[in-house]
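To keep things clear, I will list the structure first and then write my remarks on it.
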2 protein chains.
Amino acid sequence: MPATIKDIAERTGKSVTTVSRALHGYDDVSAQTKALVRQVAEELGYEPNRLAQRLQKQRSDTIGLILPTFGPRFSDPFFSEFLAGVGNRAARDGFDLLVSTQAPGPNELQAYRRKVQGRQVDGFIIVRTRRQDERIEYLRRAKAPFVAFGRTEGVLDFPFVDEDGVLGMRLVADHLVSLGGRHFAYLTPPQELMFAHYRLEGLRQGLLAHDIPLRPTDIIAGDLTQRGGFRDAGSLLDRAARPQAIVAGNDLMALGAMSAAQSRGLIVGQDIAITGFDDIPMAEHSHPPLTTLHQPIYEIGAMLVDMLLAIIAGRVPQPSQVLLEPRLVVRRSCGAA
Amino acid sequence: MPATIKDIAERTGKSVTTVSRALHGYDDVSAQTKALVRQVAEELGYEPNRLAQRLQKQRSDTIGLILPTFGPRFSDPFFSEFLAGVGNRAARDGFDLLVSTQAPGPNELQAYRRKVQGRQVDGFIIVRTRRQDERIEYLRRAKAPFVAFGRTEGVLDFPFVDEDGVLGMRLVADHLVSLGGRHFAYLTPPQELMFAHYRLEGLRQGLLAHDIPLRPTDIIAGDLTQRGGFRDAGSLLDRAARPQAIVAGNDLMALGAMSAAQSRGLIVGQDIAITGFDDIPMAEHSHPPLTTLHQPIYEIGAMLVDMLLAIIAGRVPQPSQVLLEPRLVVRRSCGAA
DNA sequence: CAACGTTTCCAAAACGTTTTGGAAACGTGT
DNA sequence: ACACGTTTCCAAAACGTTTTGGAAACGTTG
């Protein structure tokens, strides 16, 4: 049975009001009383009951993050680093992080609704935005504080951090073309994800600038996993007209594609070029190391928390919309180095 | 301003008591009133205020998980899958998951204390147990519900799930010796981690059974990361007497070691054998695929939640101590297949 | 000495919910 | 008409905290 303010009040002979105010350092409490109260609190090992504090203050000091797990499994090095960024920054400012897992679908909105209306969280971080994102529409309607990692289609009147996928993929296209590539294939993440759209668009634009079209048959829709990349790249590689380069929409798929190429006896970076997106730690140490686009995922997490806390505090985040330029990291998988 | 029970009471002309009981389906409320209350609740979009519920019930319906981030960065595919297992199972039973990040150190215990005594969580899942684990000692003293992923030294009087690291590494040793290896090196995780201890001990035992000693110079202490594995394996490989096999304490270090070997022109699985531990998704699709020990990390997470919820509910978890046998997954990195 | 300002304290209300311990209303059997 | 059981309802207390609006005690000033 943990000690309460009441216990301290009894032990000190003061009222709960005075104890509360003493602990918070209000100056309508004498220095002597303050010292006494603090000493007794220490003795009793007092910790304020957060549930009571929260009910009283009508604030949960908690931010919500719902991981969009596709399927029961979910293994993404990208997210663990993102989570670290979010968690560390939130902790620094005394906020808790409520993490849920919820696949997109009919129950998804309810999960958000319950947490917002049930006052479980003061705000949300939305990840993996979709082209039409009902989560964002809901939060906007409910006037609940939120920030998004990624953009959506339509009016961008909400705070977000995103990487410029179009620019990133144009860099990739330029680089691969400069190495002599003419026939490309693209492993795209699920097309309802907004970043998938940007990345495809960027690649298309980048190639078109060199008069190289990206044909529908050269685009394969994957699922962001290594296994998926392995499978889909395999089917590409088994075609009569093998592409000279496989551009993947994220690093995991790219690593899977590398594996598929290698298991067919191809030398990656020589017989075929492969690139990714994200620059997860794995990309640096794969064999060969993966050419990819770097985004500072840890910092993005931290930045989103800063923005969200500003909104929760009733301020306007500065800046409130951030578009980061991904940096092309050229490694050996594309045959350059 | 979300609707409260009071609002429903006013709209229906009933008391808050009746509304509360109607919503919970108590049978001292007439069917008619129940229907009315539910309809109005629906109309108003009523969601119970969890903060109030929690204060009243003295339960937070939340379980805590503190990720031991070493350094600011933290990228571990192992944990994201573990998190999915924990999160999904907790959500199934209506529990929230409070995730924090906290490096081991002087502030660590305070983080646990605050959440336990502040009633923020009903129980904890401890991960990456250490040989002497003050977190466990504290939670035991505080009589707070907890379960651990891993064991500790001393009396094992707490509920845990762990893999049998000794057995696992003996399997590895047997296998590598059967392939003709005589000179081994081991990349160990930080030795204060209990699983590092078991794994080293298992390897030692396994080799000793074949009269092969593991000399202190053949053991290098790493940090669980791919980068660390790359660096440490590199220093091993640059020695005059190069080991025939590098056994790594986890998959990430093993992948780093593979990269180090390959960057020195060695063919992994032929010039040198490399093995890991964990069987992360990456292991299957690395090149060559990594021989490793499989542990069902998603299920472990789910199992731990089941056990913890039992304890929170005042029951005794069945079983309360689980030791899983890791399965040796032989792939090409050790030269067998 | 009265009026006033300071310092220090506290009772009570409030946050939104659940539970306790009745009580009113109604029918049923005598 | 009465006693009794059922059904249906509700006022009040409680969870632990913070805040509001004083009030008491004391010193200072006119």
Side-chain angles (χ1 to χ4, degrees), chain A residues 1-38 40-41 44-62 94 96 114-122, chain B residues 1-38 40-41 44-62 94 96 114-122:
Chain A
M1 206 59 44
T4 70
I5 279 196
K6 210 177 186 178
D7 297 327
I8 302 179
E10 278 167 15
R11 277 273 277 262
T12 56
K14 305 292 177 184
S15 72
V16 293
T17 305
T18 301
V19 171
S20 171
R21 298 184 76 79
L23 290 173
H24 286 281
Y26 282 68
D27 57 6
D28 63 351
V29 179
S30 74
Q32 198 188 355
T33 306
K34 264 183 201 159
L36 174 64
V37 165
R38 289 202 170 123
V40 172
L44 298 180
Y46 171 74
E47 278 291 336
N49 184 321
R50 303 278 168 207
L51 302 182
Q53 279 185 327
R54 288 171 179 181
L55 174 60
Q56 155 65 30
K57 310 194 97 158
Q58 295 286 76
R59 296 229 343 215
S60 60
D61 286 340
T62 302
D96 285 332
R114 257 208 272 270
K115 299 209 186 321
V116 167
Q117 308 233 24
R119 292 285 190 247
Q120 287 185 73
V121 301
D122 292 333
Chain B
M1 208 59 45
T4 70
I5 279 197
K6 210 177 187 178
D7 297 327
I8 302 179
E10 279 167 15
R11 278 274 276 260
T12 56
K14 305 291 177 184
S15 72
V16 293
T17 306
T18 302
V19 171
S20 172
R21 298 184 75 78
L23 290 173
H24 286 282
Y26 283 70
D27 57 6
D28 63 352
V29 179
S30 74
Q32 199 188 353
T33 305
K34 262 182 202 160
L36 174 64
V37 165
R38 287 195 173 130
V40 172
L44 296 180
Y46 171 73
E47 278 292 335
N49 183 321
R50 303 278 167 206
L51 302 181
Q53 280 184 327
R54 288 172 178 178
L55 174 60
Q56 155 67 29
K57 310 193 98 157
Q58 295 286 79
R59 296 225 347 211
S60 60
D61 287 340
T62 301
D96 285 332
R114 257 208 270 271
K115 298 210 187 323
V116 167
Q117 307 231 25
R119 293 285 190 245
Q120 287 185 75
V121 302
D122 292 332

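Values in this document were obtained by computation on a predicted structure and should not be read as measured data. Reminder, nothing fancy here: chain letters follow the sequence lines and each chain counts from 1.
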At what angle, to 10 degrees, do the two end axes of the helix from dC1(C)-dG30(D) to dT30(C)-dA1(D) meet, given five pairs define each axis?
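Between the axes fitted at each end of the helix from dC1(C)-dG30(D) to dT30(C)-dA1(D) lies an angle of 70°.
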Test of understanding: with salt bridge (charged side-chain N to carboxylate O under 4.0 Å, His left out), list the residues that count as partners of [X], not counting sequence neighbours.
{"X": "Lys34(B)", "value": "none"}
{"X": "Arg50(A)", "value": "none"}
{"X": "Arg59(B)", "value": "Asp61(B), Asp122(B)"}
{"X": "Arg119(A)", "value": "none"}

Nucleotide range of DNA chain D lying under 4.0 Å from chain A heavy atoms
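Answer, 5' to 3': dG16(D) to dT20(D).
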Partner residues of Lys115(B) under the side chain to side chain donor-acceptor pair (under 3.5 Å) criterion, sequence neighbours left out:
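For Lys115(B) the side chain to side chain donor-acceptor pair (under 3.5 Å) partners, ignoring immediate neighbours, are Asp96(A).
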Residues that Thr12(A) engages under side chain to side chain donor-acceptor pair (under 3.5 Å), provided they are two or more places apart:
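Thr12(A) satisfies side chain to side chain donor-acceptor pair (under 3.5 Å) with no other residue.
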Residues from residues 3-11 of chain B lying under 4.0 Å of DNA chain D - heavy atoms:
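Correct list: empty, so none.
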In residues 13-23 of chain B, what residues come within less than 4.0 Å of DNA chain D, judged by heavy atoms?
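Nucleic-acid contacts, sorted: Gly13(B), Lys14(B), Ser15(B), Thr17(B), Thr18(B).
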For [X] versus [Y], what's the shortest heavy-atom pair and its separation?
{"X": "Lys14(B)", "Y": "Thr33(B)", "result": "CE-CG2, 3.8 Å"}
{"X": "Leu23(A)", "Y": "Ala41(A)", "result": "CD2-CB, 4.1 Å"}
{"X": "Gly45(A)", "Y": "Gln117(B)", "result": "O-OE1, 3.7 Å"}

Does atom CZ of Arg11(B) have more than 12 heavy-atom neighbours from other groups under 6.0 Å away?
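Counting other residues, nucleotides and ligands, CZ of Arg11(B) stays at 12 neighbours or fewer.
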Look at all strands and tell whether Asp28(B) reaches a base, only sugar-phosphate, or nothing, counting heavy atoms closer than 4.0 Å.
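Result for Asp28(B) = base.
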Check side-chain contact (heavy atoms from CB on, under 4.5 Å) between Thr17(A) and all other residues, then give those that pass, not counting sequence neighbours.
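Listed in chain order: Ser15(A), Arg21(A).
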Donor-acceptor contacts under 3.5 Å from residues 2-9 of chain B side chains, at least two apart:
unit_1: Thr4(B); atom_1: OG1; unit_2: Lys6(B); atom_2: N; d: 3.2
unit_1: Thr4(B); atom_1: OG1; unit_2: Asp7(B); atom_2: N; d: 3.4
unit_1: Asp7(B); atom_1: OD2; unit_2: Thr4(B); atom_2: N; d: 2.9

